[in-house]
Amino acid sequence: MINIDLDISRALEFISKEQIYDFQEVIDKSHQQLLNKTGKGNDFLGWVDLPTSISSSFLDEIQADADRITKKADVFVVIGIGGSYLGARAVIESLQHQFASFQNSDRPKIIYAGQNISEDYMTDLMDVLDNQEYAITVISKSGTTTEPALAFRIIKNHLEEKYGKKEAAERIIAITDEHKGALKILADKEGYKTYVVPDDVGGRYSVLTPVGLLPIAVAGFNIHQLVKGAVEMENFNKTNADIQKNPMALYAATRNALYQSGKTTEIMVNYLPTLYYMTEWWKQLYGESEGKENKGIFPAGVSNTTDLHSMGQYIQEGIRNIFETVISVEKSKRKLEIPMDKEDLDGLNYLKGKSITEVNYNAELGTVLAHVDGGVPNLRISIPELNEENLGQLIYFYEFACGLSGYILDVNPFDQPGVEAYKKNMFALLGKPGFEEETKAIRTRV
Ligand code: PA5
């Protein structure tokens, strides 16, 4: 059963159903190209049938490693950047206690490194690790990305000083390419437990490989249920490319109809702080997949109601090139009723007996109506509640819709050539061996 629903009724003041259904032909073709792995970037389409190809015994192996780590460590450091950490963080933060660092739990606390080059971040992290029993995973498909490689070098030294080389090796799990890359060579030499990022799955589509599954399992969440949800969405999608029946096709078609009508920015809006990293993951998925060849919808994110007090003004009255997609969760995990107050000095007794979720829902609805009045079309993705199965469905929903949407735009949604530009300059500025010519050239500019 599919639990994800997409409502586009509040976009229909801005575009017609016909404009959306006009994409049916290209959707049919793209759907087939994705399933048969014949379209652009087809060597990176392993994620399309990944959920149904994951065996239960493979999940058990990941779970066994997660349990082994749990016995040794109170803290688990996930080292990675971009697609090598955002998916795991999105799922973990959607599900975990929001003040996890203050909670007693039988699972390790998850912290992240290798997603910035801040000296203060690294030294603060070392302060924490000095006093904790910890283990790490280092995740890099290429095995050569500077940010995680730097963090790993520093944390590995710390770990070896703290536990000795042999025990440190027991506390490191590497997730990387099967054959190549500096991390693969290092992991083999040091004898680390290693998981493979499949050749045909790019970073931002890798959350359902060990890249996402290991940290999620260490955090104590049910990876069997997560994959089950993704399998349900994969199976539903296989036989159905009809825009009127398949929400992935509907999402891809509607956002492209809006794009063609001049709405070049999409804001993913959540009303739960737990979804902040799900939005970050979505931003990477869509931004890196579509933003190329001078095309693509700019993916932005806001967390409401927080950002109504910062970004709300712009969304209501700024340049009218925006549409919004609200991700709406129907049921909260926990309940809290607004109490009655005898004196009612704050004037809130009109809310007494209501749940916080009811107030939040009305904030969401009121905002959507205001934004539609202000010229911002609205799409609404709803999920009944945040749990592993529904998140698995949502992940596959976003991934497949992204593939379709990229094909509608006629770009290769599975490469990221533009990411290399900053790396080349940074290496040239730092004098990396092999970049001598670039170093000479860039020094004339700075
Ligand atoms: O989606 C992608 O391919 C990228 O965002 C990568 O995940 C990111 O650049 C990290 O790369 P790597 O896993 O090779 O270190």
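For ligands, and for the atoms within them, numbers begin at 1 and follow the listed sequence. Just so it is clear, the structure is predicted and the values come from calculations on it, not from any experiment. Below, all heavy atoms of this structure are taken into account, side chains as well, without hydrogens, waters or symmetry copies.
In this structure, Arg171 forms a cation-pi arrangement with Tyr163, its terminal cationic atom sitting closer than 6.0 Å to the ring centre and no more than 45° off the ring axis.
When only modelled atom types and interatomic distance are considered, Asn3 and Asn390 share a side-chain donor-acceptor pair under 3.5 Å. Side-chain N/O atoms of Asp199 and His179 include no donor and acceptor closer than 3.5 Å.
Rounding to the nearest 0.5 Å places CG of Asp124 at 11.0 Å from CD of Glu119.
Classification of Lys193 and Asp65 as a salt-bridged pair holds, one side-chain N sitting under 4.0 Å from a carboxylate O.
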List of N/O pairs, ligand 1 versus protein, all under 3.5 Å?
| from | atom 1 | to | atom 2 | distance (Å) |
| --- | --- | --- | --- | --- |
| ligand 1 | 1 (O) | Arg204 | N | 2.9 |
| ligand 1 | 1 (O) | Arg204 | NH1 | 3.3 |
| ligand 1 | 1 (O) | Gln284 | NE2 | 3.2 |
| ligand 1 | 1 (O) | Glu288 | OE1 | 3.1 |
| ligand 1 | 3 (O) | Gly203 | N | 3.4 |
| ligand 1 | 5 (O) | Gln284 | NE2 | 2.4 |
| ligand 1 | 5 (O) | Glu288 | OE1 | 3.1 |
| ligand 1 | 5 (O) | Glu288 | OE2 | 3.3 |
| ligand 1 | 7 (O) | Gly83 | N | 2.9 |
| ligand 1 | 13 (O) | Ser84 | OG | 2.6 |
| ligand 1 | 13 (O) | Lys141 | N | 2.8 |
| ligand 1 | 14 (O) | Lys141 | N | 3.4 |
| ligand 1 | 14 (O) | Ser142 | N | 2.8 |
| ligand 1 | 14 (O) | Ser142 | OG | 2.7 |
| ligand 1 | 14 (O) | Thr145 | OG1 | 3.4 |
| ligand 1 | 15 (O) | Ser140 | OG | 2.6 |
| ligand 1 | 15 (O) | Thr145 | OG1 | 2.5 |

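In summary, of the residues considered (Thr306, Asp307, Asn304, Thr279), a side chain to side chain donor-acceptor pair (under 3.5 Å) with Asn270 occurs for Thr279 alone.
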